[in-house]
Amino acid sequence: MTERLDGHTLLISLIATPIRHSLSPTMHNEAFAKLGLDYAYLAFEVGNEELKDAVQGIRALGIRGSNVSMPNKQAIIPYLDELSPAAKLCGAVNTVVNKDGKGHLVGHITDGTGAMRSLKEEGVEVKDQIVTMTGAGGAGTAIAIQAALDGVKELRIFNIEDAAFENAKETVKKINENTDCVATLTSLKNQAAFKQSIAESAIYIDGTGVGMKPLEKESLINDPEMIHENLVVFDVVYIPKETKLLKFAKDNGAKKVINGLGMMLYQGAEAFKLFTGEDMPVDYIRELLFKD
Ligand code: NAD
């Protein structure tokens, strides 16, 4: 019989579909156990159709918080009582807090703070820097908004002309209206502008997922001249740990290359802090979940 779960145990949920593959339940439960916190974290297969009832369930059962993943990150917003500034700007939520179990649900987004913390832990300062980004989908938007909130001077987003391009127009508008960061959006077709932007940037963030299966043989940068010794290259992908982009950047003299493992870990750690008020033991969790 487990010693940990009893009548006082507080529940944290994860609502998404598909979700059984997620590392989050293991990450949070191991962290609760390590710190001796009386919480349990469970995943529930919930799509848009069940979402409204699921959120009522969180209120009715006094579930203390929930992570939210696709396809619910945007759809959950109308059912919440309040949004953090970043979640409001992103128009997306990945963490819901039900403070004291009283039913007032506040939506947060920790993907962006997780990415920024990952950069910081690697000694990379974003404040006052020029940053070039590709990708303006879910991950890209969260990173762009948080980078702007954290004081990036100029954020230059490049995207292919798909549905995310329209979304990126909105993101750029919101950043320019609500933060001191100057954001621009350019088609990735304009390779000369992309090259010029990276030459002027301290950080390049690839938020597209190019480099992950089925695009593991691809990279959006293939010209060695685009990599310079002052450039930090951050890829949101964490499987594989070294994408074609990161290998190319490392081989061609980038200042530093960073994969998406830290972002994954710290988005969880930021949610853990919001749920429990405690710091996740990140070194322990990294060793447990992400060692080679
Ligand atoms: P999304 O579908 O919402 O957005 C994808 C973005 O990439 C869009 O801007 C799209 O225009 C662009 N894109 C797609 N194919 C492209 C191509 N061939 N060339 C150039 N641009 C292209 O996806 P998402 O949810 O934002 O996820 C993107 C990646 O981020 C995925 O690989 C995902 O696994 C990863 N991710 C990592 C973390 C983490 O914690 N490290 C968190 C969330 C997402």
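Just so you know, ligand 1 is whichever comes first in the structure, and atom 1 is the first atom listed for that ligand.
Taking a cut-off of under 4.0 Å to the non-hydrogen atoms of G135, the atoms of ligand 1 that pass are 9 (O). Near M264, the atoms of ligand 1 lying under 4.0 angstrom from a non-hydrogen atom of the residue are 39 (C), 40 (O), 41 (N). Near M212, meaning under 4.0 Å from one of its heavy atoms, ligand 1 places the atoms 32 (O), 34 (O). Listed by number with element, the atoms of ligand 1 under 4.0 Å from a non-hydrogen atom of G260 are 39 (C), 41 (N). Ligand 1 places these atoms under 4.0 Å from at least one heavy atom of G207: 28 (C). For ligand 1, the atoms closer than 4.0 angstrom to any heavy atom of A139 are 24 (P), 26 (O), 30 (O), 43 (C), 44 (C).
Regarding atom 22 (C) of ligand 1, its nearest protein heavy-atom neighbour is I160 CD1, 3.6 Å. When hydrogens are left out, the protein atom nearest atom 32 (O) of ligand 1 is G209 CA, 3.1 Å; that is the closest non-hydrogen contact. Regarding atom 23 (O) of ligand 1, its nearest protein heavy-atom neighbour is G138 N, 4.5 Å. Nearest protein heavy-atom contact of atom 4 (O) of ligand 1 is G137 CA, 3.3 Å.
For atom 35 (C) of ligand 1, the nearest protein heavy atom lies under 4.0 Å away. In this structure, atom 2 (O) of ligand 1 has no protein heavy-atom contact shorter than 4.0 Å.
For N98 (side chain) and R59 (main-chain N/O), no donor-acceptor pair under 3.5 Å exists by modelled atom type.
There is a side-chain donor-acceptor pair under 3.5 Å between E45 and T17. When only modelled atom types and interatomic distance are considered, D235 and T243 share a side-chain donor-acceptor pair under 3.5 Å. If you check the side chains of S197 and Y204, you find no donor sitting under 3.5 Å from an acceptor.
Both the backbone and the side chain of M263 come within contact range of ligand 1, each with a heavy atom under 4.0 Å. When non-hydrogen atoms are compared, ligand 1 lies under 4.0 Å from the side chain of L220 (C-beta onward) but not from its backbone. Looking at Y238 against ligand 1, only its side chain comes within 4.0 Å, counting heavy atoms. Under 4.0 angstrom from ligand 1, the non-hydrogen atoms of A164 all belong to its side chain. When heavy-atom distances to ligand 1 are checked against a 4.0 Å cut-off, T208 comes that close through both its backbone and its side chain. Looking at D162 against ligand 1, only its side chain comes within 4.0 Å, counting heavy atoms.
Of the residues V46, D53, N48, the one that meets the side-chain contact (heavy atoms from CB on, under 4.5 Å) test with E50 is V46. Just one of T134, L185, T184 meets the side-chain contact (heavy atoms from CB on, under 4.5 Å) condition when paired with R156; it is T184.
Looking at N159 next to ligand 1, an N or O pair under 3.5 Å apart turns up. Considering backbone and side-chain N/O of V236, one or more are found under 3.5 Å from N/O of ligand 1.
The neighbour count for E161 CD, taken as heavy atoms of other residues, nucleotides or ligands under 6.0 Å away, is above 12. H8 NE2: 12 or fewer foreign heavy atoms inside a 6.0 Å radius. Remark: K195 NZ is packed, more than 12 non-hydrogen atoms of other residues, nucleotides or ligands lying under 6.0 Å away.
Under the 4.0 angstrom criterion for non-hydrogen atoms, T134 is not in contact with ligand 1.
Between atom 18 (N) of ligand 1 and the options V210, D111, T110, the minimum heavy-atom separation is to V210.
Ion pairing between K34 and E30 fails under the 4.0 Å rule for side-chain N and carboxylate O. Salt bridge status for K127 with D150: absent, with no side-chain N to carboxylate O gap under 4.0 Å.
Expressed to the nearest 0.5 Å, how far CZ of F272 lies from CG of N67 amounts to 11.5 Å.
Linking Ile, Leu, Val, Met, Phe, Trp and Tyr whenever their side-chain heavy atoms come within less than 4.5 Å leaves V210 and M212 in two separate clusters.
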